[in-house]
Amino acid sequence: MGGPSLLWLRHLRAAGRELVQGLVQLLYPAACEVCGQALPPDQAELCADCRAALTADPHPSCPRCAATVGPFANVADGCGFCRNETFHFERVLRLGPYEGLLRQVILRMKHLSGEGLAEAVGDLWAGHLAPRLRDDRPDLIVPVPLHWWRRWRRGYNQSEELAYRLAAHLGLLCRPSWLRRVRNTPQQAASSAAARRQNVRGAFRAAPRPALAGKCVLLVDDVLTTGSTASEAARALRDAGAARVLVAVLARSV
């Protein structure tokens, strides 16, 4: 299915969901997308407690790979996790570590029923990401794509939904169709770093296009573990003409 058709279906699904949500709100008070707590009239989608919990990053992190580090770690050239690794992106920005409430939210977003949650979290994330991007000035946003088969089975791509919300708040273009996953790679949850690198090698493709040449791309995903997937996606974007690739993830897992 082509890019315009996917975009049309996305808008149609969003319109249908908004209609249902509007009808529900006529009968029931608005509730937090995370905990279900009733929301006051001046709050939308997420309650104050969940907002605070999702945006509270309790640990210092590596500026290169966003891994959690100790308070006195030397991260001038990266941390112990990434210092000897070669990445095709410049750095990673995270909302927090892959634990607690943020982990629970990300797991819920991996199902179609979590699409509204992904939108709410994307809106929240954008406000915290904007100040950190002020000096980097990305030109456009590209989500890490799912293979078409996995996307069809899941019903949507949570990283794409996050990317659209970030783009709307940051005033940037979102171009999901500019990066494709051309190979349906196996799940990598229990794989070593070396196995992950081999697993995703050549899994992404981006066509050269004038609008990408020389640009800074913000690559968006939900979780980063070893950086192999993000690096291979960044490689495809740079081969297609991008000058720089930054990575933004909701959570960093080790």
Side-chain angles (χ1 to χ4, degrees), residues 1-11 13 65 85-92 106 109-112 114-115 118 122 138-164 166-167 172-251 253:
M1 189 177 294
S5 297
L6 280 176
L7 185 60
W8 179 82
L9 285 174
R10 180 181 178 276
H11 286 314
R13 189 166 61 239
C65 76
E85 297 288 340
T86 299
F87 295 132
H88 296 281
F89 54 76
E90 290 191 0
R91 66 189 186 104
V92 180
I106 290 171
M109 290 191 321
K110 291 183 181 293
H111 304 276
L112 182 58
E115 189 171 7
D139 298 294
L140 60 114
I141 295 179
V142 174
V144 172
L146 292 174
H147 187 265
W148 71 266
W149 174 249
R150 189 171 297 172
R151 181 191 176 108
W152 179 79
R153 290 185 64 188
R154 183 174 296 179
Y156 89 118
N157 178 4
Q158 73 278 9
S159 297
E160 182 176 322
E161 202 63 51
L162 291 167
Y164 271 116
L166 290 176
L172 298 174
L173 297 174
C174 184
R175 293 290 184 259
S177 63
W178 288 13
L179 180 66
R180 294 188 299 124
R181 190 184 289 253
V182 295
R183 190 160 52 80
N184 191 13
T185 54
Q187 295 287 346
Q188 304 190 107
S191 302
S192 66
R196 285 171 179 260
R197 284 193 294 270
Q198 183 61 35
N199 185 33
V200 297
R201 191 174 302 279
F204 299 95
R205 187 172 300 159
R209 59 186 75 230
L212 184 59
K215 301 297 186 183
C216 176
V217 177
L218 182 65
L219 183 68
V220 173
D221 206 358
D222 56 353
V223 181
L224 185 141
T225 303
T226 64
S228 300
T229 297
S231 184
E232 194 64 23
R235 182 212 296 266
L237 289 168
R238 295 185 66 177
D239 287 348
R244 301 164 56 220
V245 178
L246 309 173
V247 178
V249 294
L250 281 178
S253 173

(Q) Any side-chain to backbone donor/acceptor pair from Arg238 onto Phe89? Under 3.5 Å, distance only. (A)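 A pair under 3.5 Å: no.
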Exercise: identify the closest heavy-atom pair between [X] and [Y]:
{"X": "Ala234", "Y": "Leu219", "result": "N-CD2, 4.2 Å"}
{"X": "Leu212", "Y": "Leu237", "result": "CD2-O, 3.9 Å"}
{"X": "Leu166", "Y": "Gly122", "result": "CD2-O, 3.9 Å"}
{"X": "Arg180", "Y": "Pro145", "result": "C-CG, 3.9 Å"}
{"X": "Ala236", "Y": "Ala206", "result": "O-CB, 3.6 Å"}
{"X": "Cys65", "Y": "Leu224", "result": "O-CD2, 4.0 Å"}

Q: Please collect all side-chain hydrogen bond (donor to acceptor under 3.5 Å, both in side chains) contacts where either partner lies in residues 212-224, sequence neighbours excluded, each pair once.
A: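 Of all non-adjacent pairs touching residues 212-224, those that pass side-chain hydrogen bond (donor to acceptor under 3.5 Å, both in side chains) are Lys110-Asp222, Gln158-Asp222, Ser159-Asp221.
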To the closest 0.5 Å, what do you measure between [atom1] ([X]) and [atom2] ([Y])?
{"X": "Tyr156", "Y": "Arg151", "atom1": "OH", "atom2": "CZ", "value": "10.5 Å"}
{"X": "Arg183", "Y": "Arg201", "atom1": "CZ", "atom2": "CZ", "value": "9.5 Å"}
{"X": "Leu146", "Y": "Arg153", "atom1": "CG", "atom2": "CZ", "value": "12.0 Å"}
{"X": "Glu85", "Y": "Ser231", "atom1": "CD", "atom2": "OG", "value": "9.0 Å"}
{"X": "Arg205", "Y": "Asp239", "atom1": "CZ", "atom2": "CG", "value": "11.5 Å"}
{"X": "Leu250", "Y": "Ile106", "atom1": "CG", "atom2": "CD1", "value": "5.0 Å"}

Q: Take Met109 and Glu161 through the side-chain contact (heavy atoms from CB on, under 4.5 Å) test and state the conclusion after the steps.
A: CA-CA 10 Å; Met109 290 191 321; Glu161 202 63 51; over 6 Å; no
Q: Show your working on side-chain contact (heavy atoms from CB on, under 4.5 Å) between Leu140 and Trp178 and close with a plain yes or no.
A: CA-CA 11 Å; Leu140 60 114; Trp178 288 13; 4.0 Å; yes
**Q.** Stepwise side-chain contact (heavy atoms from CB on, under 4.5 Å) test for Val144 and Arg181
**A.** CA-CA 8 Å; Val144 172; Arg181 190 184 289 253; 3.8 Å; yes
Q: Would you please test Val245 and His88 for side-chain contact (heavy atoms from CB on, under 4.5 Å) and show each step?
A: CA-CA 8 Å; Val245 178; His88 296 281; over 6 Å; no
